[in-house]
There are 2 protein chains.
Amino acid sequence: MKDVAARAGVGLKTVSRVVNEEPGVTPDTVARVQSAIDALGFRRNDSARLLRTRRTASVGLVLEDLADPFYGSLSRAVEDVARAHGALLFTGSSTENPRREQELVLAFCARRVDGLVVVPASDDHRYLIPEIEAGVATVFVDRPAGRIDADVVLTDNAGGTRTGVAHLIAHGHRRIGFIGDQPGIHTAGERLRGYREAMADAGLPVRPDWYAMGPTTPERVRAALATMLTGPEPVTALFAGNNRVTVTAVRVLSGRPQPVALVGFDDFELADLLDPPVTVVAQDPAGLGRNAAQLLFRRLDGATSEEPSRVELPARLIARGSGEIPPAY
Amino acid sequence: MKDVAARAGVGLKTVSRVVNEEPGVTPDTVARVQSAIDALGFRRNDSARLLRTRRTASVGLVLEDLADPFYGSLSRAVEDVARAHGALLFTGSSTENPRREQELVLAFCARRVDGLVVVPASDDHRYLIPEIEAGVATVFVDRPAGRIDADVVLTDNAGGTRTGVAHLIAHGHRRIGFIGDQPGIHTAGERLRGYREAMADAGLPVRPDWYAMGPTTPERVRAALATMLTGPEPVTALFAGNNRVTVTAVRVLSGRPQPVALVGFDDFELADLLDPPVTVVAQDPAGLGRNAAQLLFRRLDGATSEEPSRVELPARLIARGSGEIPPAY
DNA sequence: CTGAAAGCGCTTACAG
DNA sequence: CTGAAAGCGCTTACAG
């Protein structure tokens, strides 16, 4: 910029004015500066600019895994809102590792992002207190923050599961199994709660061998399902606590002579092409991302004094066939 | 930092040394500075630091759509390599819009990213010449750059398609259809070429109504497929030029009494659970991302004088059933 | 309409 | 082992 000023024979501030299209510069001067810019191939350094203006026009997004389609949709929605506000997006995958989440979050803060959208991997976010006090707007999404009070956008996990399990009950099932993710994960716990509530609402008992929480590896899911299907009181229907559980359940159940009803939490591509088509309780990943980002920019635009808000998005039952199979007894 | 220096009663440079864990500071001084840092809640501003060091330790990734699982895997691979090199990742979706691609790329350059990984949406990248000359390392991935000579990492689209079509021929098919994406897209053209070559290699003719290029909307694919299946010489097998085409083809073909063989370009989740399981020519999106990022950091680590390199990754045939259906005549 | 000075928060290159 | 000065590339707050 100094070189441009020298070549055009003007002051630094005038170059700055031209570059930023500020008013109050003679057309003549503008032309001279512009030609110096072109001749020198000048390109403004936004990092330097932002150092001075104290806004980096960037947002950091920390999620579990960028390669997971659920988070892909969520990211894209955050990106769209950020773009509408003129901000660029940093992304990082925590891989469900609390330390990595913290590293990423703090790295983004060190770059002085204006705001942060975080899918928590950790259950203790007190490390963020200094950053939030320093003015970094922060919104949690998909799962609430741990040990701090902050904005959060969630799916109604318990309610969605209640709806799904009630759907199975409405189709005549009394013995219904539930296979969920690790109990430490907030969404997993909420869904288990929804299952219990739906069963209780219908006056149905829940036997200990009817539900299983743990890693969503195919082996674990297969084992859990085998137990439920061969015990003294075998289940006639299964509620799968997430995507990966559903997929493994489809594989296992398709190999059995006795049909077992299935409702899964989370929609997935081609669910309607499977045999039978899979009934699901669908989340809205793009809606989660959009709401989180909108909340973030609302904060950034001044709503700093407000109380932390909590947005809960509904989950929607999509009946396709597998959840409408009657009990086989 | 100034405040920390004042409180600890040392010079700025000493604070800098402590923050960066540089050697040559008495343990005593370190302790004094450290306690001032803690008391003041000092957090280094990496943006300012990077302004001085002239490396931003960040990489920009421009792709078509973050919500597309193919690009999700690619992104994650780029992220992993970037992290291994201590760099953060900016991401942006061009949505197949050349102007948006350029906006994103230039916005990243204005932030002075060290390097760029770009899935081209445009066919003219001369706008990047000043940036590349200014030292921004750039690697194109999935599709080559337009009108400039630059590093690129591609899938062997023509070869993969040849393999897939040859597979159908080996299973007895003589009349094989091809439905591809818009002809302007490089990968679409390459795949069409592979189809033609495989047919020619087997001495088979290609009738004009056996192939169709255009948008991958369900309506267009349905119409194209209908034409191929009802013409004077109906096809007995179809090669689907990408994911979205494959999925629509599965829907259409599953409703027909006469079985039609199908091989699709691109693998997708649950392909093995469909009926029949879908045979595909699989790309390696993570491999594309990984190779592109590795090439990028190799450039960043000094290999500036080398010629642009071109890496081509193989596509792999995965036989699952739909591609092994014999001709129905 | 224009520009010189100071400063954003750090590091570099030196000197002691 | 330690620090004062200059500078990275911009903008802010002023003055003319």
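In what follows, chains are A, B, ... by sequence order, proteins preceding strands, each numbered from 1. Computation of the quantities below employed the complete heavy-atom set of this structure, encompassing side-chain atoms and omitting hydrogens, waters and symmetry-equivalent molecules.
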What is the distance, to the nearest angstrom, from the [atom1] atom on [X] to the [atom2] atom on [N]?
X     : N      : atom1 : atom2 : answer
A:D3  : D:dG9  : CG    : C1'   : 11 Å
B:D46 : C:dC8  : CG    : C1'   : 15 Å
A:N45 : D:dG7  : CG    : C1'   : 14 Å
A:K2  : D:dG7  : NZ    : C1'   : 8 Å
A:R44 : D:dC8  : CZ    : P     : 19 Å
B:L51 : C:dG7  : CG    : P     : 17 Å
A:M1  : D:dC8  : CE    : P     : 13 Å
A:R55 : D:dT12 : CZ    : C1'   : 17 Å

Salt-bridged, [X] to [Y], with N to O below 4.0 Å?
X      : Y      : value
A:R310 : A:E312 : yes
A:D3   : A:R7   : no
B:R126 : B:E133 : no
B:R147 : B:D123 : no
B:D80  : B:R290 : no

Quick check on [N]: is either OP1 or OP2 less than 4.0 Å from any side-chain nitrogen or oxygen of [X]?
X     : N      : answer
A:R54 : C:dG9  : yes
A:R49 : D:dG9  : no
B:N20 : C:dT11 : yes
B:T53 : C:dT11 : no

Problem - 5' priority, DNA chain C, between A:A48 and B:L50 [closest heavy atom] - result: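 Its nucleotide being nearer the 5' end, the pick is A:A48.
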Handout entry: Smallest separation among heavy atoms of A:A121 and A:N97, with atom names
Key =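 In this case the closest contact between A:A121 and A:N97 is CB-N, 3.8 Å.
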Give me, pair by pair, the N or O atoms of the protein and of nucleotides 2-6 of chain D that are less than 3.5 Å apart, along with how far apart they are.
{"from": "D:dT2", "atom 1": "OP1", "to": "B:T26", "atom 2": "OG1", "distance (Å)": "2.6"}
{"from": "D:dT2", "atom 1": "OP1", "to": "B:T29", "atom 2": "OG1", "distance (Å)": "2.5"}
{"from": "D:dT2", "atom 1": "OP2", "to": "B:T26", "atom 2": "N", "distance (Å)": "3.0"}
{"from": "D:dT2", "atom 1": "OP2", "to": "B:T26", "atom 2": "OG1", "distance (Å)": "3.2"}
{"from": "D:dT2", "atom 1": "O4", "to": "B:R17", "atom 2": "NH2", "distance (Å)": "3.4"}
{"from": "D:dG3", "atom 1": "OP2", "to": "B:G11", "atom 2": "N", "distance (Å)": "3.0"}
{"from": "D:dG3", "atom 1": "OP2", "to": "B:T14", "atom 2": "OG1", "distance (Å)": "2.5"}
{"from": "D:dG3", "atom 1": "N7", "to": "B:R17", "atom 2": "NH1", "distance (Å)": "3.2"}
{"from": "D:dG3", "atom 1": "O6", "to": "B:R17", "atom 2": "NH2", "distance (Å)": "2.7"}

Problem - ring pair (Phe, Tyr, Trp, His ring centres under 6.0 Å) partners of B:F140, counting only residues at least two apart - result: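 By the ring pair (Phe, Tyr, Trp, His ring centres under 6.0 Å) rule, B:F140 matches B:H125.
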Problem - 4.5 Å side-chain heavy-atom contact, B:D181 and B:T187 - result: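 They are not in contact (no side-chain heavy atoms under 4.5 Å apart), so the answer is no.
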Handout entry: Sub-4.5 Å side-chain heavy-atom contact between B:D142 and B:Q283
Key =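 The answer is yes; the side chains approach within 4.5 Å.
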Practice task
Find the runs of at least 3 consecutive base pairs, i with j, i+1 with j-1 and so on, that include DNA chain C, using Watson-Crick or G-U wobble geometry with both distances under 3.5 Å.
Solution key: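 Listed by first number, the stems are C:1-3 with D:14-16, C:5-12 with D:5-12, C:14-16 with D:1-3.
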